[in-house]
Structures are given as C-alpha cells and as structure tokens.
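Chain A is the first sequence line, chain B the second, and so forth, proteins listed ahead of strands; every chain is numbered from 1. Atoms considered below: every heavy atom in the structure, side chains included; atoms not considered: hydrogens, waters and symmetry mates.
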Number of protein chains: 2
Amino acid sequence: MSVSTRDRILDAAEGLFADQGFHLTTLRQITQAAEANLAAVNYYFGSKQELIRAIFRRRLDALNAARLERLDAIEDDGSRPDLEAVLDAFVEPALEFTRGGDAEGQRFMQLLLRAFADRDTALHEAMRHEYAHVMRRFADAVSGALPGADPTRLRHQLDFIVGALTLTMAESALKDTRIIAAELVQFAAAGLRGSLDHRIPESARRTLEATS
Amino acid sequence: MSVSTRDRILDAAEGLFADQGFHLTTLRQITQAAEANLAAVNYYFGSKQELIRAIFRRRLDALNAARLERLDAIEDDGSRPDLEAVLDAFVEPALEFTRGGDAEGQRFMQLLLRAFADRDTALHEAMRHEYAHVMRRFADAVSGALPGADPTRLRHQLDFIVGALTLTMAESALKDTRIIAAELVQFAAAGLRGSLDHRIPESARRTLEATS
DNA sequence: GCTCGATTCAAACAACCGTTTCAATCCTAC
DNA sequence: GTAGGATTGAAACGGTTGTTTGAATCGAGC
C-alpha cells in the first residue's frame, strides 16, 4: 500500500513552500511533485489557503506535543526543575525533526519563519491559538524555576527566545544547529536570570524619559 | 517643487510591501498609490525585483549608519564602554524611525522580516554584505566590553539578538516597542555575560553525546 | 519659439495563476 | 458482476500578473 494522495500532496507542498514561499509556489508544481492531478488539491483541501493551514496544523501539533512531553518528563521528577532543562524542552524538539536525515527540520523552520512574515491574519490567529496553551505551560514552568519574575516581562522574553530560535534555525547551516541550540539555551537562561535585578541601561533610560 | 516620481514610488512600495508582502503587492497598486503611471516602475528601476533591492539599500544604509554613529559616540568617551550601552546602540536606532509619528519603523521591521523569510539569495547576499562591517564593529565592541568571550560563540549570540529584535519589533504593538527594546537590551546583556562560564545544560549534553 | 532628450501615458502583450467542470476510471459493498 | 460513490484525469475558464510598446507630453537649452 502506497502513501495516500492527500499525504503526498502535503509532503510535496511543505517542501516547495519552504523553498519558494507560499505565493511563488503554484499548485501545478505541487501536484506535479506529488504525482497527482492538478485538481486534487482543491478536491482534498478546498483551496490553496486551506492546504497551507493543514500543513501547519500537522507539524505544529507534533512539535508542541513533543515539547509538552519533554516538559512533563522534567516536571514528573518531583523536584523543582532547573531553568536550563525547561528551556531545552522548548528548543530541542525544534531540532528533533532534523534527525530524519534530510533537511526536513530546517525546512519547517523556514516555513514557520514565512508564517511569521506573512500578514495572513487568519493563519496568524490559528497559530497563536495553537501555541497559546504551550506558551502558558512554559511560562509557568519558567516562573517556577525562576521565582519572582514579572509575568508581562516573562512573556516578552519568551517571544525573544522564539524569535532567536526561529530565525537562527532557519538561517544556520544544518551541521551547526545542535551546538547553536545548546548555546541558545544557555544564552536564554542567563538572560532570564539577569532580568531579576531591574537594572535599565543608561542610554535607554535617557530615551524613555525624552518621550514621556 | 514636489517629490520626484522615483521617490514617491519608493515610499509607496515600501508601505505596501510591508503590509502585504512582495509577491502579493502588484505594480498597479504601487503606481496607483504613488500617483504614477504603471510603466514608471520599469522605467526607473528596470524591474520589480530591482525596485525591492533599491528599497532595502536606502533603509539599511540609514539604519546601519545611525547604529555606527551611536557606537562611535560611545567609544569616543575613551573609557571602556559598558555592555548595555553597546547593545543599546544596536537596538535603539531600529526604533528611531518610529519617532516619525506613523508606523514607519514597524513597517520597515516587517519588511526586514520578509527579507529574512524570502529565499531571494541575491537580496540575501546583498543584505549580508551591507551588514557585514556593522556586525564586525559591534562584535569588536562587545568583545571589548566582555573580555575573554569566544568569537564564534559571540557571532551566534549576535544572530540571536538580531532574531529576537527583528521578530519582536515586527510583531509587537507600536506603543510597547520602547519598553520592549529596553528589556531586550538587558536580556541580551545578561545572556552574553552568562556565556562566560561554559556550562552546558544537562539534557542538551545528553543529546549531543547521543549523536557523536 | 523651436528642438530634443526625458518623462508620462494608455493600451496591449504573452504568460501564468487558482479554480471549475465534467467525463473517465477506480474501488468497495452488495 | 454490477451499482454507485470516491477518486483521478484532461481541458478550459476568467482573471491578474510583470513587462513592452509607441505615441503624447513636458521642460530645459540654444
């Protein structure tokens, strides 16, 4: 039994979207790569836009599930989880896909980056919804590992980490990703710890006061 | 004397590209917004692709010049610059454009993000070239403020900061940007300082060893 | 005031897009 | 094995794209 046409389309589309972007990739390229008929996309997904959403749903489900699974494993230990372990549970699954041998992991990161860049608000909202409970779980976990942190600030900082992770993973060569991920975890942990004292840099304070 | 047609096209295109992306924005929209004729884009720039490059050249020149100017001012003080001031010289000019009153600054950050996401290797290479000497200057400055840092690692960390800056500035609401920038500076400074002791998180080390 | 290059204009071009249509084919259930 | 829904196939549709063309208009220099 071979792979279903639906799945072949999903796989082919994911690769092409990552390489060329959403608008540049045509349904004719996709169906040709998937060895399916042109009409198959509209038959299975209704439209090109809904095909894109289906791709993200499939991968984000897997990615976030892996993250939560790792977080569960850490927290089940009973003792207070350390900060680096929590961050690693967030970062490492983003690399897990790379294990497959080909550039699948990096491809999906490219795709994620494109989703951030695109102004498709419907897709954006869907992703935010898909991410919401994961981010809350991790915010709680970080809070637990770092008592006394300001919640609003923590949310901003998690966005920093997502940004750093997404952009660097999409950019850097495949070989380096594992090392860079370890560096990112350490960088983020130090950054989070450093915000516990509320020092604001001199020049930034000047800027702030000048506009108040 | 009014603004030249060439400049009106650049301004209109920049706004539309930021809002809708490169491929989705049509030359007809651009020329209509610029109150110019459809053929004017090809007359002045040759093609849509070269129009995009011209936009980035104009803005990146200004942004990076402002960054270096601030860095010069800091280093001219004679004394060893402190880390937060160096980082602020990198981050703050990215917000300077916001001062104009409208959403121009955020728009350009959106645009930068799109450029990262796009696989236009020619544009990518041009940007890297445009950024190269700025990144080296800042890497040196950070090195000076943080003696003993590993150069390769420092380069990765600067990429983290660029990623965090670009993604969060493009995403966050206009009102918050100044506060978030101050938080980012502090976060990044703590992250950089924290890498001086070479601790690697437990779980990440396990992952590294499993694949060697 | 006329000339000539620079600029603007309306119109058309060929190519490609996502989607729709409807007949042909496949496959399961009776 | 045959009926009937699920899937595939080839072709065409209407619309939009970036680009090109060639004439009309403008504006400075003699």
Side-chain angles (χ1 to χ4, degrees), chain A residues 1-58 111 114-115 117-124 126, chain B residues 1-58 111 114-115 117-124 126:
Chain A
M1 184 60 179
S2 185
V3 192
S4 73
T5 301
R6 212 189 108 100
D7 286 337
R8 285 204 319 276
I9 290 177
L10 278 172
D11 288 335
E14 186 178 70
L16 286 168
F17 282 147
D19 277 348
Q20 310 176 341
F22 300 121
H23 303 302
L24 221 74
T25 302
T26 72
L27 294 185
R28 284 166 177 83
Q29 288 180 311
I30 294 171
T31 51
Q32 186 174 343
E35 300 186 49
N37 187 267
L38 170 61
V41 168
N42 289 279
Y43 177 74
Y44 281 108
F45 300 96
S47 71
K48 184 183 182 181
Q49 200 60 229
E50 292 194 49
L51 167 63
I52 294 175
R53 306 228 173 98
I55 290 172
F56 275 96
R57 233 179 292 122
R58 181 174 69 153
L111 215 61
R114 289 190 193 285
D118 260 344
R119 268 284 175 93
D120 180 348
T121 52
L123 175 59
H124 231 83
Chain B
M1 183 58 181
S2 186
V3 193
S4 72
T5 301
R6 210 190 107 100
D7 285 337
R8 285 205 318 278
I9 290 177
L10 278 173
D11 288 334
E14 188 177 71
L16 286 168
F17 282 147
D19 278 348
Q20 311 176 342
F22 299 120
H23 303 302
L24 221 75
T25 302
T26 72
L27 295 185
R28 283 167 179 82
Q29 287 180 309
I30 293 171
T31 51
Q32 185 175 343
E35 299 186 50
N37 187 268
L38 169 64
V41 168
N42 289 280
Y43 177 74
Y44 281 107
F45 301 95
S47 71
K48 184 183 181 181
Q49 199 60 228
E50 291 193 50
L51 167 63
I52 294 175
R53 305 226 175 99
I55 289 173
F56 274 97
R57 236 179 289 122
R58 182 174 71 152
L111 214 62
R114 290 190 192 285
D118 259 344
R119 268 285 176 91
D120 179 348
T121 52
L123 175 60
H124 231 83

Response to the item:
Residues of residues 37-48 of chain B with a heavy atom under 4.0 Å from any atom of DNA chain D, listed by number, are B/Leu38, B/Ala39, B/Asn42, B/Ser47, B/Lys48
Worksheet entry | Partners meeting side-chain hydrogen bond (donor to acceptor under 3.5 Å, both in side chains) with B/Thr5 (sequence neighbours left out) | none
Discussion item. Near DNA chain C, counting only heavy atoms under 4.0 Å, which residues of residues 26-33 of chain B show up?
Written reply: B/Arg28
Worksheet item: Which residue, B/Ala36 or A/Leu24, contacts DNA chain C at a nucleotide closer to its 5' end, judged by nearest heavy atom?
Response: B/Ala36
Worksheet item: At what distance, to the nearest 0.5 angstrom, does NE2 of A/His23 lie from CZ of A/Arg114?
Response: 10.0 Å
Worksheet item: In Å, rounded to the nearest 0.5 Å, how long is the span from CD of B/Gln49 to CD1 of B/Ile52?
Response: 4.5 Å
Expected list for residues 29-38 of chain A: side-chain donor-acceptor pairs under 3.5 angstrom, two or more places apart:
from	atom 1	to	atom 2	distance (Å)
A/Gln29	OE1	A/Thr26	N	3.1
A/Thr31	OG1	A/Leu27	O	2.8
A/Thr31	OG1	A/Arg28	O	3.3
A/Asn37	OD1	A/Ala39	N	3.0

Worksheet item: What residues, two or more places apart in sequence or in another chain, satisfy side-chain contact (heavy atoms from CB on, under 4.5 Å) together with A/Arg6?
Response: A/Ser4, A/Leu10, A/Tyr44, A/Phe45
Worksheet item: How many angstroms lie between atom CD1 of A/Ile55 and atom CZ of A/Phe22, to the nearest 0.5 angstrom?
Response: 7.5 Å
Response to the item:
In the 5' to 3' direction, the nucleotides of DNA chain C bounding the stretch that comes under 4.0 Å of a heavy atom in chain A are C/dC17 to C/dT21
Item to complete: Considering non-hydrogen atoms only, spot the tightest contact between B/Glu14 and B/Leu111 and give its length.
Response: CG-CD2, 3.9 Å
Fill in: Degree of bending in the helix from C/dG1-D/dC30 to C/dC30-D/dG1 once both end axes are built from five pairs, to 10°
10°
Item to complete: With sequence neighbours excluded, tell me which residues meet side-chain hydrogen bond (donor to acceptor under 3.5 Å, both in side chains) with B/Arg58.
Response: B/Asp11
Fill in: Smallest separation among heavy atoms of B/Val41 and B/Ser47, with atom names
CG1-O, 4.4 Å
Response to the item:
Counted 5' to 3', the first and last nucleotides of DNA chain D within 4.0 Å (strictly under) of a heavy-atom of chain A are D/dA6 to D/dA12
